[in-house]
Amino acid sequence: MTRGNIELSNINRYNDGFEIPETKLNTTIKKATDKWLKKLEEFDGQFPGTMSKDDKYVLGENNSWTQGMHTGSALLAYELTENEKFLEYAKQHIESYYRRYENKVDMWCHDVGFAFSPSVIALYKLTGDEAMKELALKAADHFRTYIYSEKGGFILRSYTRKDVPDGCRTMMDTLMNIPLLFWAYEQTGEERYVEAAKSQLAITEKCLIREDGSSFHHYQFDVETHAPIRGLTFQGHADDSCWARGHSWGVYGFPVAYTYTKDETLLPLHRDISYFMLNHMPETFVPYYDYDFVEECNEAHDSSSALISACGLLEACKYLDESSEEYKIYKTAANKMVNGVIDHCMDYENKDFDGLVNWVTCSAPHNLCIDGCTSYGDYFLLEALVRLKKLDWERYW
Ligand code: GLY
């Protein structure tokens, strides 16, 4: 497939060099971190569940893909404020990651990277604690050994049930889980990690990214042979639509993969998926849960998609030439999306919700957490704010 052919249909929206004014950025950082300090005291080391109910978090254990991002949100708040209370809060969680690994709690799935990168690897990067490196390497080894299909060359959707149709799929979400494998390769030099990550990238490019730059959410493979069959959706509007959050895992995942591989073919591919997204961005710059919906409507939003994508575009800006068209477009688009979320999803004065942003939807087709709050909304708001403050920020992924 030829890549790099997608044009921006609305370039004037993205070439005015808009940047969130410094005072607005600083006020937002203060507002978010002040709220987070209070909330974390209230949560008392417990983890928000994967989604809110009536805008409130149901607190519990470290037992699913979103909890790594809760720990990571405290670390980002620490980086933004230098308030040691945030770092101490994150450190309180360390025991729970050991338990999680030892007891294999929600470890039989494609989302192991989400659990360990923004938490355990982040702690290693921030504190230099070698025990964190060792634990993250064990998680990476488990992920590589059990969740990667040698036969198909891809990360399985879930569980070790390669014999059931649902298990024999791969998905866009995996693009933000393979940084765990790239990182493990960097630390150990073991080729099996980078081979698996590169194979996943190639299969994603071939099967999940369509010629027009949009993406399937899932891709089904034959349970016997692991040969490719067809693309379909799980959390999106339709099999042939483009689920916003799944797509955003690509808008962020490909630039991360580029920094590890330096594979130049990823750049036009990333531009295509980014431009597809920007061509389908609603007026508010906060996407609905699926890019089938662009005009104002009553569909569920997904502000986390805007934030994740903004982080991806800002990551790409790190290696693009500042005078290039993409650099200017990515930087402007990232600023507009974060600005859209600040304006529409952070009304703490008039709305009582537990998270840092609302309008996050877990799964619209399953009626799960519509326009609510989630730990990935919280985490990616703070990551986007850190990135806007420090363009050269060292990411956790
Ligand atoms: N599992 C990742 C997501 O729901 O976006």
Side-chain angles (χ1 to χ4, degrees), residues 47-52 57 62-73 100 105-119 139 143 147 154-159 166-167 169-180 200 204 208 214-219 232-237 241-254 256 273 277 286-291 300-312 341 355 357-381 383-384 396-397:
F47 290 86
T50 47
M51 59 193 93
S52 60
Y57 282 138
N62 183 353
N63 59 10
S64 83
W65 73 279
T66 58
Q67 275 104 26
M69 285 170 279
H70 182 58
T71 305
S73 71
R100 196 151 166 187
V105 179
D106 204 30
M107 291 286 288
W108 302 102
C109 72
H110 53 274
D111 278 341
V112 174
F114 280 123
F116 284 81
S117 296
S119 54
F143 188 46
I147 318 298
F154 55 86
I155 304 286
L156 292 152
R157 177 194 175 207
S158 268
Y159 316 113
D166 245 22
R169 289 182 185 180
T170 204
M171 59 206 291
M172 286 299 283
D173 318 32
T174 304
L175 286 171
M176 281 308 279
N177 284 293
I178 58 173
L180 178 63
Q200 178 67 30
T204 304
L208 284 154
S214 67
S215 54
F216 288 112
H217 180 199
H218 282 195
Y219 204 91
L232 64 172
T233 199
F234 183 66
Q235 279 148 280
H237 174 235
S241 74
C242 182
W243 177 49
R245 194 163 65 254
H247 201 71
S248 66
W249 297 132
V251 175
Y252 195 172
F254 283 117
V256 173
I273 65 169
M277 169 183 75
V286 182
Y288 291 101
Y289 79 95
D290 194 291
Y291 289 119
H301 302 87
D302 188 6
S303 59
S304 75
S305 304
L307 298 167
I308 298 160
S309 298
C311 291
V341 174
V357 293
N358 63 0
W359 280 14
V360 184
T361 293
C362 178
S363 180
H366 304 95
N367 202 25
L368 290 176
C369 188
I370 308 296
D371 285 342
C373 316
T374 67
S375 293
Y376 42 95
D378 304 335
Y379 172 89
F380 282 102
L381 171 77
E383 188 182 309
Y396 301 160
W397 306 92

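Indexing begins at 1, ligand by ligand and atom by atom, following the structure's order. When reading the values below, keep in mind they use all heavy atoms of this one structure, side chains included, and skip hydrogens, waters and symmetry mates.
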- Query: Applying the side-chain contact (heavy atoms from CB on, under 4.5 Å) test to Phe380, which of Val360, Leu307, Val341 qualifies?
  - Reply: Leu307
- Message: Assess, by modelled atom type and distance only, whether the side chains of Asp378 and Ser73 contain a donor and an acceptor separated by less than 3.5 Å.
- Response: no
- Message: With no hydrogens and no angle check, just 3.5 Å: does a side-chain donor-acceptor pair link Asn358 and Asp371?
- Response: no
- Query: Of all residues at least two apart in sequence or in a different chain, which pass the side chain to side chain contact (heavy atoms under 4.5 Å, CB included) check with Ala115?
  - Reply: Arg100
- Enumerate the protein residues lying less than 4.0 Å from ligand 1, judged by heavy-atom distances, in chain and residue-number order. Trp65, Asp111, Asp173, Gln235, Trp243, Arg245, Trp249
- Task: Can you label the angle between the His247 ring and the Tyr291 ring as parallel, tilted or perpendicular, going by 30° and 60°?
- Result: perpendicular
- Task: Assign the ring pair Trp243 / His217 to parallel, tilted or perpendicular, where the plane angle (0 to 90°) is split at 30° and 60°.
- Result: tilted
